[in-house]
Amino acid sequence: MASRRVSSLLSRSLISSSSLFSLRGKDPLMKRGARRYSNLASASLEDTITPPVKVEHTQLLINGKFVDSASGKTFPTLDPRTGEVIAQVAEGDVEDVNRAVVAARKAFDKGPWPRMTAYERSKILFRFADLIEKHNDEIAALETWDNGKPYEQSAKIEVPMLARVFRYYAGWADKIHGMTVPGDGSHHVQTLHEPIGVAGQIIPWNFPLLMLSWKLGPALACGNTVVLKTAEQTPLSALLVGRLLHEAGLPEGVVNIVSGFGPTAGAAIASHMDIDKVAFTGSTDVGKIILELASKSNLKAVTLELGGKSPFIVCEDADVDQAVEMAHFALFFNQGQCCCAGSRTFVHERVYDEFVEKAKARAINRAVGDPFKSGIEQGPQVDSEQFEKILKYIRHGVDSGATLQAGGDRHGSKGYYIQPTVFSDVKDDMLIAKDEIFGPVQTILKFKNLDEVIARANNSRYGLAAGVFTQNLDTANRLMRALRVGSVWINCFDVFDATIPFGGYKMSGIGREKGIYSLNNYLQVKAVVTSIKNPAWL
Amino acid sequence: MAARRVSSLLSRSLSASSPFLSRSQGRNLSNGSRIVRRFGTSSAAEEVISPSVQVSYTKLLIDGNFVDAASGKTFPTLDPRTGEVIAHVAEGDAEDINRAVKAARKAFDEGPWPKMTAYERSRIMLRFADLVEKHSEELAALESWDNGKTYEQALTAEIPMLARLFRYYAGWADKIHGLTVPADGNYHVQTLHEPIGVAGQIIPWNFPLLMFAWKVGPALACGNTIVLKTAEQTPLTAFYVGKLFLEAGLPPGVLNIVSGFGATAGASLASHMDVDKLAFTGSTDTGKVILGLAANSNLKPVTLELGGKSPFIVFEDADIDKAVELAHFALFFNQGQCCCAGSRTYVHEKVYDEFVEKAKARALKRVVGDPFKKGIEQGPQIDLKQFEKVMKYIRSGVQSNATLECGGGQVGDKGYFIQPTVFSNVKDDMLIAQDEIFGPVQSILKFSDVDEVIRRANETRYGLAAGVFTKSLDTANRVSRALKAGTVWVNCFDVFDAAIPFGGYKMSGNGREKGIYSLNNYLQVKAVVTPLNNPAWI
């Protein structure tokens, strides 16, 4: 029965696409794909699994207390598996951001945070990391429920990584050194690396807790206070860890968390005159607005981590099986909802046919279903807006003459599941090769030589990341320099250790997060010069 | 005769201001006549001295050639001593910026600049520094002629500093290191510090060549190519040193220089889609426009070095004579045309009267006149617009009931010379204590204790620099940390060694120039990750 439903949905979506109809006959895989999904689709079509967690916190976290929004308004956060309401959450707006900024301002200007020793700050962050581990399963369940990502991914990768990132930054707190500087004359020169003040941070919905850690970790380690706005799709997990932060001993007002929407709460943060710094992760279009609001208000320093259309380059000497698996992972991981997704898979012509065949087979094997079920690789997209957008891009791909190798439609009949979709014969000028789709749609392109693939890989407004698959050291060394991107993964992908800086060239953003580089985002440099009398040395 | 003329101008400028006349006419007029006599002995009203240099370069420097503007248009650059035309200079506009970007793009994308060894780049910069020294008298004369600053300052301070800065950055070229990075698993991680690409740089008129050095030095050392727009008031010296750079072996297209106006050439540079980075020094209002243009175009990262209203704090235990002299220097240096001018002189109440008396005496002794004459301390303001703006602020000071201790009018009857002006009894809410005057107008304010002066010093949208005068180590240490300013000079001021970072907190800007910190502005960080098979260590 499930099989019939999926297959009928598949045909329905294809009816609009006459170009695909001609392909349909010679592509029996379409049917095989449908059957495959029907086997694994079970979970999504059965009763949804009840998450083993209760939603305890739905109010704003301001000055150490959970409070209603000033307006009293709330908004629903939805379960992507069903579209049903998980909880009603306080909707922050300008007035709430103002209250949060007053609290953060006080905690910075008068309050204990920048006046504590760095060691005391680090101990609070270490205790917080311990509490994360203690509440690992609860946090993971909440993250999956709100976001739709597989529970195993949350519980085994992301929440442990959350603790790991905070321990990394806790270790930085007492290792932030200024410099003493050689003068050209009789002056003693030093630099102080000072906290900036109140940081506004706006995080996305694809990795709610990891994005929280990339933002909060360096800000707190450097002695700043924070007003954090979560994405309206995923407000829940941040409120839970906000409580844990305070349990760990964080003083009130140091971290304030406002749930709400971009044009209201987000814009209020970006244009606030008493916020000294704003960090944003999200789309390039919204990033431009954030930077403009900063320029029109108080010129607060801005870090942007934006969109991407990252090339994944498979050279002819690559281990094809490994490349297929990693290219699959690079694109489909987290339902394709990664800013650094390897969303342009460039494959050398000599291995192209083999690669496409294997990539298709791998996609067809991908297990899609209720993210709480064990063994599931792919859950639903985060919401109906993203779901519709992705389906629109799939139609674009078909209309523009790319070959649909697998997938192409929704999966199941409720929630926002999409079939793992693979296009081959993609050309650079097709929309699916240019725009960030942010969904489970792999686009495979063919190339002939290195010069060509470098030119084509760089021919994008984005420059976030790249994958390179080759056994040849010369090829690897050449490509790593030539690609205009912030991360190059060679024979690997999505390696996100806490120490590795991440950020974009070109319109993928400004600044780096993680690693030693991230500290710059939350420090001001002050040069202090005094005259020296009778110096022993200069 | 000169005395009479100045005195009549003084009364004219003051007649608009009845509160001043009614309050302190008698006292100040006697001061006034003393000033006038003092000024009368200087050369402002005598024959202007002919600069010992010829204007050889008035065209745009694009792709290694001096060329006319695409439109064929020119604009006059004026002698601030007389308001007369020095030369007609090619007026760059959008089309010229496009040509320059194309040349810079080619020199970057196809080479040779970033493909040279760092050592080769450093040698070209070192040769350039040698040529600067060889031509220091011509350069100093041209700088003085176009800007109005004293020839001695240009010759003995600024041109040597120009050479010093390029030697500093030449030394950096082969010392730009990436990092190898500890990983959490079997990965080899490294970071590459790469040139960004084509840098757009917009420099001001107050220190044309030093601002050129602060911008061009780090950009070239890091392997970038450049499109530089000079200020329309002072286009001449940059062309001259551009020629010296070609002589030193800089390849064509690496440094392109476009003279022109902000609203046309500047705006097209800031909004250009093929410019990867923008650095701007100028007013805060223009800085906001620049950042908005970057946000609305391609999100190029922006370094801003903007306005200031820097406090100069004299504590009761300070060496008063030294503090008076340095406060005088902090404000009047370069005709008061410094973004970091110590333009709010806070003096402790116990030493206030003595300080005011001595500050006034020092200002009265300031030697104003033709900047080419030996012994002159102060030349004319840059142009009529600045001259009138400064005079407007002097009237505002008088109207708001600050006490005009000396100065207040024009010197001579031609050019843009202004009397060294000192206001006492200035209150924080007066316009002269809030706005950047950018002229020879010292505002002296009284304070009672450290808490108060810290609060008042920080109560401004600016945060560029500060001076602190005290013998107490506790006071120096406390105030150094509490002031929200990018530079704190303790018992000194305007120490501008190449190694000392300079830049603003708050609305005084983003980023740091000079020192090791300046390199970040012209580097992208790329993380490169490869898996390790059987590693000896991790």
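All values derive from a computational prediction rather than experimental measurement. So you know, we letter chains A, B, ... as the sequences are listed, proteins then strands, and number each from 1.
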**Q** Decide yes or no on side chain to side chain contact (heavy atoms under 4.5 Å, CB included) for Val528(A) and Val490(B), but give the supporting numbers first.
**A** CA-CA 7 Å; Val528(A) 180; Val490(B) 181; 4.2 Å; yes
**Q** I need the contact set between residues 511-520 of chain A and chain B: heavy-atom distance under 4.5 Å, sorted by residue number.
**A** Arg512(A), Ile516(A), Tyr517(A), Asn520(A)
**Q** Which pair of heavy atoms, one from Glu194(B) and one from Met480(A), lies closest together, and at what distance?
**A** OE2-O, 4.0 Å
**Q** Which heavy-atom pair separates Asp184(B) from Ala498(A) by the least distance, and what is that distance?
**A** OD2-N, 4.0 Å
**Q** So, taking the atom named NZ in Lys526(A) and the one named OG1 in Thr487(B), what distance separates them when rounded to the nearest 0.5 Å?
**A** 10.0 Å
**Q** Do Thr530(B) and Asn491(A) have side-chain heavy atoms sitting under 4.5 Å apart?
**A** no
**Q** Verify the neighbour count for atom CZ of Arg481(B): are there more than 12 heavy atoms of other residues, nucleotides or ligands below 6.0 Å?
**A** no
**Q** Chain B heavy atoms under 4.5 Å from Leu293(A): which part of the residue, side chain, backbone, both or neither?
**A** neither
**Q** Rounded to the nearest 0.5 Å, what's the gap from CD1 on Ile500(A) to CG on Leu179(B)? Could you check?
**A** 12.5 Å
**Q** Is there side-chain contact between Cys492(B) and His187(A), with at least one heavy-atom pair below 4.5 Å?
**A** yes
**Q** Going through the checks in order, is the side chain to side chain contact (heavy atoms under 4.5 Å, CB included) test met by Ile490(A) and Val529(B)?
**A** CA-CA 6 Å; Ile490(A) 300 176; Val529(B) 186; over 6 Å; no
**Q** Select one option (side chain, backbone, both, neither) describing which atoms of Leu293(B) are under 4.5 Å from chain A's heavy atoms.
**A** neither
**Q** So for Asn510(B), is it side chain, backbone, both, or neither that comes closer than 4.5 Å to the heavy atoms of chain A?
**A** side chain
**Q** Other residues, nucleotides and ligands only: do more than 12 of their heavy atoms fall within 6.0 Å of NZ on Lys175(A)?
**A** yes
**Q** Tell me, side chain or backbone of Val181(A) under 4.5 Å from chain B's heavy atoms, or both, or neither?
**A** side chain
**Q** Does any heavy atom of chain B fall under 4.5 Å from the side chain of Arg164(A), the backbone, both, or neither of them?
**A** side chain
**Q** In terms of heavy-atom proximity below 4.5 Å to chain B, should Ile290(A) be classed as side chain, backbone, both, or neither?
**A** neither
**Q** What are the two closest heavy atoms between Ala499(B) and Pro182(A), and how far apart are they?
**A** CB-O, 3.3 Å
**Q** Can you tell me which portion of Asn298(A) sits under 4.5 Å from chain B's heavy atoms? Options are side chain, backbone, both or neither.
**A** both
**Q** Hey, could you give me the OH/CG distance between Tyr168(B) and Asp184(A), rounded to the nearest 0.5 Å?
**A** 9.5 Å
**Q** What I want to find out is whether Lys506(A) reaches Asp276(B) closely enough, with some N-O distance under 4.0 Å, to be called a salt bridge.
**A** no
**Q** Heavy atoms, side chains only, cut-off 4.5 Å: are Val488(B) and Val529(A) in contact?
**A** no
**Q** List the steps, then state whether side chain to side chain contact (heavy atoms under 4.5 Å, CB included) holds for Met507(B) with Lys300(A).
**A** CA-CA 8 Å; Met507(B) 294 179 77; Lys300(A) 57 180 75 65; over 6 Å; no
**Q** Most heavy-atom pairs under 4.5 angstrom with chain B, which of Ala301(A), Ser487(A), Gly486(A)?
**A** Gly486(A)
**Q** Which answer fits Ser508(A), side chain, backbone, both or neither, if we ask what part of it has an atom under 4.5 Å from a heavy atom of chain B?
**A** neither
**Q** So for Val189(A), is it side chain, backbone, both, or neither that comes closer than 4.5 Å to the heavy atoms of chain B?
**A** side chain
**Q** Looking at every non-hydrogen atom in both residues, tell me the closest pair between Asn491(B) and Ser531(A) and how far apart they are.
**A** O-OG, 3.5 Å
